[in-house]
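Step one of this worksheet: look at the structure below.
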Number of protein chains: 2
Amino acid sequence: MTEKDAEAPGLARLAALIADETRAACLLALLDGRAWTGGELARHAGVAASTVSEHLGKLVAGGLLAEERQGRHRYVRLADDRVAQLVEDLAAQVAPGAGAHRPRTLRASSAGSALARGRTCYDHLAGRLGIALTDALTGRGLLRQDTGFALTDAGLGWFEYAGIALRPTGRRPLARACLDWTERRPHLAGLAGAALCRHALDAGWCVRIGSGRAVKVTAAGERALSELLGTEAAELR
Amino acid sequence: MTEKDAEAPGLARLAALIADETRAACLLALLDGRAWTGGELARHAGVAASTVSEHLGKLVAGGLLAEERQGRHRYVRLADDRVAQLVEDLAAQVAPGAGAHRPRTLRASSAGSALARGRTCYDHLAGRLGIALTDALTGRGLLRQDTGFALTDAGLGWFEYAGIALRPTGRRPLARACLDWTERRPHLAGLAGAALCRHALDAGWCVRIGSGRAVKVTAAGERALSELLGTEAAELR
DNA sequence: CGCACGGTTCGGCGGGCGCCGAAGCGTCCC
DNA sequence: GGGACGCTTCGGCGCCCGCCGAACCGTGCG
């Protein structure tokens, strides 16, 4: 029993880092996987620069953010994929509360939203695009979702055939499920998800829209994915 | 951008529920998967009954706990396995900070701890026992960890052969990785992990030690697991 | 060289929240 | 029916923490 008590303060301190609305807004913004400057985050969250400066100090000290200073700018980004996963999980947990009507309105009324169609979630693809790719991989027997969440041997072969290298780094799992907050369905994250996203951007299959995390599939991407996964162009839009 | 701002308050509110040390202690205690009374939790956390009563009210209102009232007792338990998973994930995230020396001391100095040997984590087996079973399953090709975390077809057959029914309920994944906080390694959670744990207790493979979440393998359990998974008795202790 | 600008530090204000003890309510048991 | 017990409500206390504006520091640019 006593060892649990030893954990409680740490758990509370970690949660407290996320428990502030301004810090939460920063973390969600940083889910796009990029580095933001303090000023950008301040404007985004609608608070004074001095306020955000203190918040970033706490988040960095708490290990949630990594910082990089360039000239007079302070760039921060999520410390690693574990933190990104954690924030996504927490965000997914809070959404079901409004989940009964949220997906409807998001998909229907604002179906024109570029974010709902496709976006990056930290370092992998999400939104309808992410779901479509995950479904295509599953449908062709490259990804198993029925007994967990893992690539099959055929799936490993597919990545190799597609020219997407999967070099294991550290202990990050190859495949991992990430729950989408608009579609309410799991999509491919982990090392393979990140590699696929990176390749999609590098090879010109997708391009970023504006400065946010929204992405859209290009004509070349439609052709390549149709050939590699048999997807219909309409599914990707 | 605006839809992220809409999420920030919810995220902060959820995190705030965990951000209090007393509430964190309650959540960690409830990770044993059982229902506790308010008084028990108050004594465990070392605060007045009135204080814990208010905390439980918030946790229930926030959807993290489910309550059941019986006579003059108020029983609470974690609302569902998603909440349990969330708390485990957060606890696992905080541990690495002290992870450099923690595991050593836990395994070495207090290697006699029954909790480190075997315990239940919400509704599945953890500790060295959980790791040993997960390793055995993986070693025999019943569980894949190299490309994600999923049972193989042979694994499905094994559960059937062992007489452990895996009836899918809701959307809970069949296999899921749960990071152990003493061993720092993933072990089997999800539907299959829960079914295995339940069967192990029902069939007398394991028995609970005292009233906590510590468990130990019986002689009958050693025989059964040796036959079914080829484990050595020493690995399970 | 000097101004503009991003970031940080500091003091002070205000609100929120966890804590307790006392009092009250309902349940169970003798 | 009376008393013990578990839980809840309420008032009040104290602390912590997020916020701002002002002053300050350093970088980069004209």
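Both backbone and side-chain heavy atoms feed into the values below; hydrogens, waters and symmetry mates do not. Every chain is numbered from 1 and lettered A, B, ... according to where its sequence line falls, protein lines coming before strand lines.
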- Can you name the ring-ring contact (aromatic ring centres under 6.0 Å, His included) partners of B:H187, sequence neighbours left out?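 So B:H187 forms a ring-ring contact (aromatic ring centres under 6.0 Å, His included) with B:H124.
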- Message: Test of understanding: with side-chain contact (heavy atoms from CB on, under 4.5 Å), list the residues that count as partners of A:S50, not counting sequence neighbours.
- Response: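 In terms of side-chain contact (heavy atoms from CB on, under 4.5 Å), with neighbours along the sequence ignored, A:S50 is linked to A:A48.
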- Message: So if I define the base as every atom that isn't primed, P, OP1 or OP2, how would nucleotides 19-26 of chain D read as a B/S/- string at a heavy-atom cutoff under 4.0 Å?
- Response: BBB----B
Measure from [atom1] on [X] to [atom2] on [N] and round the result to the nearest Å.
X: B:E67; N: D:dG6; atom1: CD; atom2: P; result: 18 Å
X: B:E40; N: D:dC5; atom1: CD; atom2: C1'; result: 14 Å
X: B:L56; N: D:dT8; atom1: CG; atom2: P; result: 7 Å
X: B:I18; N: C:dG18; atom1: CD1; atom2: C1'; result: 17 Å
X: B:R69; N: C:dC28; atom1: CZ; atom2: C1'; result: 16 Å
X: B:K58; N: D:dT8; atom1: NZ; atom2: C1'; result: 14 Å
X: B:H73; N: D:dT8; atom1: NE2; atom2: C1'; result: 15 Å
X: B:R13; N: C:dG16; atom1: CZ; atom2: P; result: 14 Å

- Message: So, OP1 or OP2 of D:dG6: does either fall under 4.0 Å of a side-chain N or O from B:R74?
- Response: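 Answer is no, no contact under 4.0 Å.
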- Please determine if A:R74 and A:E68 form a salt bridge, counting it only when a charged side-chain N lies under 4.0 Å from a carboxylate O.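 Answer for the salt bridge query: no.
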- Message: Looking only at side-chain N and O atoms, does B:R185 offer a donor or acceptor that is under 3.5 Å from a partner on B:T134?
- Response: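 B:T134 vs B:R185: no donor-acceptor pair found between side chains.
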- Would you say the side chain of A:L191 lies within less than 4.5 Å of the side chain of A:P173, judging by non-hydrogen atoms?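 In short, these two side chains do not touch, never coming nearer than 4.5 Å.
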- Task: For the residue pair B:H44 and B:C26, establish whether any side-chain heavy-atom pair is separated by less than 4.5 Å.
- Result: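 Result no, sub-4.5 Å side-chain heavy-atom pair not found.
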- Message: For B:G62 versus B:L17, what's the shortest heavy-atom pair and its separation?
- Response: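 Here B:G62 and B:L17 meet closest at CA-CD1, 3.7 Å.
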- With heavy atoms under 4.0 Å as the rule, sort B:R23 into base, sugar-phosphate or nothing.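 Sugar-phosphate, backbone atoms only, no base.
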- Message: Angle between the end axes of the helix from C:dC1-D:dG30 to C:dC30-D:dG1, five pairs per end, to the nearest 10 degrees?
- Response: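 Helix axis angle between the two ends: 30°.
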- Item | Pairs flagged by salt bridge (charged side-chain N to carboxylate O under 4.0 Å, His left out) wherever residues 43-59 of chain B is involved - sequence neighbours left out |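 Matches after skipping sequence neighbours: none remain.
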- Query: For A:D81, which residues count as a side-chain hydrogen bond (donor to acceptor under 3.5 Å, both in side chains) partner, sequence neighbours excluded?
  - Reply: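 In terms of side-chain hydrogen bond (donor to acceptor under 3.5 Å, both in side chains), with neighbours along the sequence ignored, A:D81 is linked to A:R172.
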